[in-house]
Protein chains: 2
Amino acid sequence: MSPNKSFSQLEQAINRVEARFPGTPRQEVILTRLLFHIMPRLSTHLCDNLKQHGLNETVWMALLALYACPNQTLNPSDISETLDSSRTNATRIADELVKNGWAARSASAEDRRKIVLELTPSGVALVESLLPFSREVHKQLWADFDDDEKQILERLMRKLLRQLGG
Amino acid sequence: MSPNKSFSQLEQAINRVEARFPGTPRQEVILTRLLFHIMPRLSTHLCDNLKQHGLNETVWMALLALYACPNQTLNPSDISETLDSSRTNATRIADELVKNGWAARSASAEDRRKIVLELTPSGVALVESLLPFSREVHKQLWADFDDDEKQILERLMRKLLRQLGG
DNA sequence: CGATTTTAGTAACATGAGTTACTATTTTGC
DNA sequence: GCAAAATAGTAACTCATGTTACTAAAATCG
């Protein structure tokens, strides 16, 4: 993973830049950098807990998206939208799901441009066997945060997302 | 960029998974997903504002790291540590800096395993010309957040980072 | 001191995801 | 109804970065 010991090295760099060329919006820079520092660690953390079962974060989310659908079917475009990734990537994810027998591709009857991806029984079984595990990981990740803190954080993140046009 | 309209699609999926297989730690999942939703947008946002000047987020951070040093020199390993990326990537970043004439490579006198990267006058000029611009972007990004909110957010993010071993 | 371990840098390879370009199909608007 | 525009899926290519393997040069310690 990342070889860095802590965030402090970066903080010192910020301080020294300020000394040489004053005018840093210090807290704004720190907040932004904290996000960049957190994300690879969060990714790795969640992925590690899935890799043991032969899947990665993206494929897991796709499985959940399928599982969430009434008839557990989705078009690649829906995958792309729900996972917030490109249509190209949706094709790849579909390939991966089919290759592992977790979903099956078939042509759509009503719109022949479309492909239908349907979760197989094996896919359903995988989701239901991993869900409790995944939920435990999420609970532990946020275990140090009390209800107030989580509430505030959710509000602030939504605000940031809005600012970024999401 | 990302084709998704909003976060709501994902929230609905979370709700439907809960309906089918109860027990979701809802807020914890939402918080985690918000981070994943925010980051690509934040990356793109910051990158867009640098691409116009022929550099990307990583190279910009490396330039700043060099600029922050007393004698504006750094070893590739230092780059790797400060930017929280692999030594391999540090080599690539160094290649990029040298190729553009922003830094120069030379052998270290005291430790012959090491390479010294030194910011050139052209590199210094680039940093100082872009800094005000970059600072403006940061200020606007967090403009909707008051001091209290930023304070709390910083505290909570540091806590999360600690939880992730950063 | 000399053998072993650690550190620095890098190249070759692997992974994951975006961009562009293309085809087939459907929808729209005269 | 049909020409033009929009949409779905995909392949080929590109970009950014991590992993593994290797070499050379210190540092350690017995």
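Numbered from 1 within each chain, the chains take letters A, B, ... in sequence-line order.
Rounded to whole Å, atom P of D/dA16 lies 14 Å from atom CG of B/L83. For B/N89 and C/dA12, the CG to C1' distance is 15 Å, given to the nearest whole Å. Here C/dG16 presents its P atom at 12 Å from CG of A/L55, a figure rounded to the nearest Å.
Side-chain N/O atoms of A/Q27 and B/E154 include a donor and acceptor closer than 3.5 Å.
Looking at heavy-atom distances under 4.0 Å, B/S108 makes no contact with the nucleic acid at all.
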**Complete:** Protein heavy-atom contacts under 4.0 Å, written 5' to 3' over nucleotides 22-27 of chain C as B (base), S (sugar-phosphate only) or - (none), form the string ---BS-
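Between A/D95 and A/K114, the one whose closest nucleotide on DNA chain D sits nearer the 5' end is A/K114. When the nearest nucleotides of DNA chain C are assigned to A/I93 and B/A90 by heavy-atom distance, the more 5′-ward of the two goes with B/A90.
Cation-pi geometry between A/R20 and B/Y67 is satisfied (NZ or CZ under 6.0 Å from the ring centre, within 45° of the ring normal).
Under a hydrophobic clustering in which Ile, Leu, Val, Met, Phe, Trp and Tyr are joined whenever their side-chain heavy atoms come within less than 4.5 Å, directly or via other members, A/I152 and A/L35 fall into the same cluster. The same ILVMFWY cluster, assembled from side-chain heavy atoms under 4.5 Å apart, contains both B/V98 and B/V59. A continuous path of ILVMFWY side-chain contacts below 4.5 Å connects A/L160 to A/L42, so both sit in one hydrophobic cluster.
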**Message:** One pair to check against side chain to side chain donor-acceptor pair (under 3.5 Å): B/T24 and B/E18. What are the steps and the verdict?
**Reply:** CA-CA 6 Å; B/T24 318; B/E18 170 64 17; 2.5 Å; yes
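Of the side-chain N and O atoms in B/N56, none sit less than 4.0 angstrom from OP1 or OP2 of D/dC15. A/R105 has no side-chain polar atom (N or O) that falls below the 4.0 Å cut-off from OP1 or OP2 of D/dA8. In terms of phosphate contacts, A/S77 brings no side-chain nitrogen or oxygen within less than 4.0 Å of OP1 or OP2 of D/dT7. For D/dA8, the OP1/OP2 oxygens have no side-chain nitrogen or oxygen of A/N75 closer than 4.0 Å.
A donor-acceptor contact under 3.5 Å is not formed by the side chain of A/R92 with the base of D/dG9. For a distance-only test at 3.5 Å, the side chain of A/T88 qualifies as a donor-acceptor partner of the base of C/dT19.
Atom CZ of A/R112 sits in a sparse spot, with 12 or fewer heavy atoms from other residues, nucleotides or ligands closer than 6.0 Å.
The nucleotide whose nearest atom lies closest to any side-chain atom of B/T91 is, among C/dG9, D/dT17, D/dG9, C/dG9.
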